[in-house]
Amino acid sequence: MSIEIRNLRKRFGGFTALHGVDLDIHDGELMALLGPSGCGKTTLLRLIAGLESADAGSIHLHGRDVTALGARHRGVGFVFQHYALFRHMNVFENIAFGLRVRPRATRPREPELRQKVERVIDLVQLGGMAQRFPDQLSGGQRQRVALARALIIEPNVLLLDEPFGALDAQVRRQLRRWLRRLHDELHVTSVFVTHDQDEALDVADRIVLLNHGRIEQIGNAQQLQDRPASSFVGRFLGEINQLPASLAEERISLGDSHWPLPAGSEVKSGAVDLCVRPYDLHWTERAGPSSFPATVTDARWLGGRYRVELDPALAGVPYVTAEWSRTQMPPRELQAGDVVHLQPARYAVFARAG
Amino acid sequence: MIGPDRRYRIARSALILGALSVAGLFLVLPLLIVLSGAIAKGWSLYLASISEPDALAALRLTLTVTAIAVPLNLVFGVVAAWCIAKFEFPGRSALITLIDLPLAVSPVISGLIYVLLFGAQGLLGPWLGEAGFRVIFAVPGIVLATIFVTFPFVARELIPVMQAQGRDHEEAALSLGASGWQTFWRVTLPNIKWGLLYGVILCNARAMGEFGAVSVVSGHIRGKTNTLPLHVEILYNEYQHTAAFAVASLLVLLALLTLVAKTWVEARAHRDRHPDPIVQPDEELP
């Protein structure tokens, strides 16, 4: 196990950033810490790096207890959101920094140091840029210098704080594919913080979803999307329809329609939210006990799928969204005002919030 | 009919003329009077006035005091600015206020504080006197008063610079294995060097020119505890106007050197912040 975190707590004055977090990150894994702002994801990352000290709990890196160790002695590579490159040093010296500050006994000699730096420069594809200063680089290049600078110390784990946050959309997408490939090449255990669910789904092996200083769910993209552990997870990872239903005797009721309670649900009775992804909301021609009627208000072709907005005539639900592929569409062209019957193919229920 | 463009130009010219004449009247004219007064009775008298033993002693004392006060305030200033900019701690805002105290208090009061502390009837004075150590009416008092008065300059220059830079650079250095000293010398100091130099120049200018606080603690002993500004006053009070202007011209010269240094630092700092850009679009990654 690369990173073992037990019951980690952190308060800032009156604000509790983390309430007892437990987390295991495997060797060579690329993990995303995902959550809305203020959820504690950056605090967790900084605690792993030793840039903040924990109030309680423990952190082990590769079996070694580092809880009381400062950032300097943890051997962790940290990439900052705004790069934090040393502006008065050129690319070469920025990358060489981690080697130059070593004690004399372990510091490589100049020729060896040059060789190492040049190898990392090639790795991040910045050949020919060694003499440039940070102000003379583009955002994506600066981010790669920051990455190279962290990699040269051969870190136990690589931590990245919103690594693509300051880049424009196109560069961001490119750089994250590139980071994924680099990770597959190097296999260094990596953790990155993001508030962008697409980024987490696109890059990470597993995702830790945090909210209000607690872990809501850990899993891969499919587990989080299809088997959310809470309505927060459902809502955070992609669009979801929330229908106010009631639950009694293992039966979910919404108007005149009923569905069985899915296995593994935690609620047993009372007011619940029936949560259905747009692509799990299928249509049927005829009314049935497990479908409800809805009037089409808008239908659009989004390239690869239709996105249909419908009015289900339910109190408190102004509209629901369904997404159908070309083959799932009704045989006739849908028009605003058409009535179809919607049937949730897969759904989850959670106790109604508030 | 006057168009808006024309009116704008008239307003601009009027404002520039106004600013220039105020600056000329209150800044340049006195300087010219000092210089012309200094050489009014010929160069030989000028040279004699500034090479007279008491004048040389005053110059030496001013340079000595400056040479002690400025490096000390440099260290204090960096430490104080570091604490305030990089850490949150109880008493932080009190410290910020304290740093500004010397600017808020009249220099004469600053001098009096030291007389009350170290004078013959003061709090620590008798005790120090027994130990054979004189502070008031001696060089140590002048140094202390100068340090007090010039304390804010370095810290005030550095605090905004350090706050703007945040802690990222230091944290990056630490995570790469650098020690505290390595981080300071290799990362923090290069980041703040222009602000620091600018603060030192201002501090230096004030240390050489300080009159009020030093006047209270010095005792005006000619050749011993007179700094340049005090010497100018004595000469003036004794109606030796030419000599007074001559010695004053030394202070003017030091001030002009300060201005040149300040301008140079500002230009360098600006160039560092805005290097020649190499336009660099993000390239395709294979």
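Computed from a predicted structure; not experimentally measured. Per chain, numbering begins at 1; letters A, B, ... match sequence-line order.
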Sort [X] into side chain, backbone, both or neither according to what part of it lies under 4.5 angstrom from a heavy atom of chain B.
X: A:Arg177; result: neither
X: A:Leu85; result: backbone
X: A:Ala150; result: backbone

ask   = Under a 4.5 Å heavy-atom cutoff, which of A:Arg149, A:Arg74, A:Gln81, A:Met89 has the most pairs with chain B?
value = A:Arg149

Could you pull out every donor-acceptor pair under 3.5 Å between side chains of residues 93-102 of chain B and any protein atom, sequence neighbours left out?
from, atom 1, to, atom 2, distance (Å)
B:Thr97, OG1, B:Ser93, O, 2.9
B:Asp100, OD1, B:Arg156, NH1, 2.5
B:Asp100, OD2, B:Arg156, NH1, 3.0

query = Any residues in residues 167-190 of chain B near chain A, with a heavy-atom distance under 4.5 Å, and which are they?
reply =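 Near chain A, by residue number: B:Arg167, B:Asp168, B:His169, B:Glu171, B:Ala172, B:Ala173, B:Leu174, B:Ser175, B:Leu176, B:Gly177, B:Ala178, B:Ser179, B:Gln182, B:Arg186, B:Val187, B:Pro190.
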
task = Decide if atom CZ of B:Phe26 counts as having more than 12 heavy atoms of other residues, nucleotides or ligands within a radius under 6.0 Å.
result =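 No, not enclosed.
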
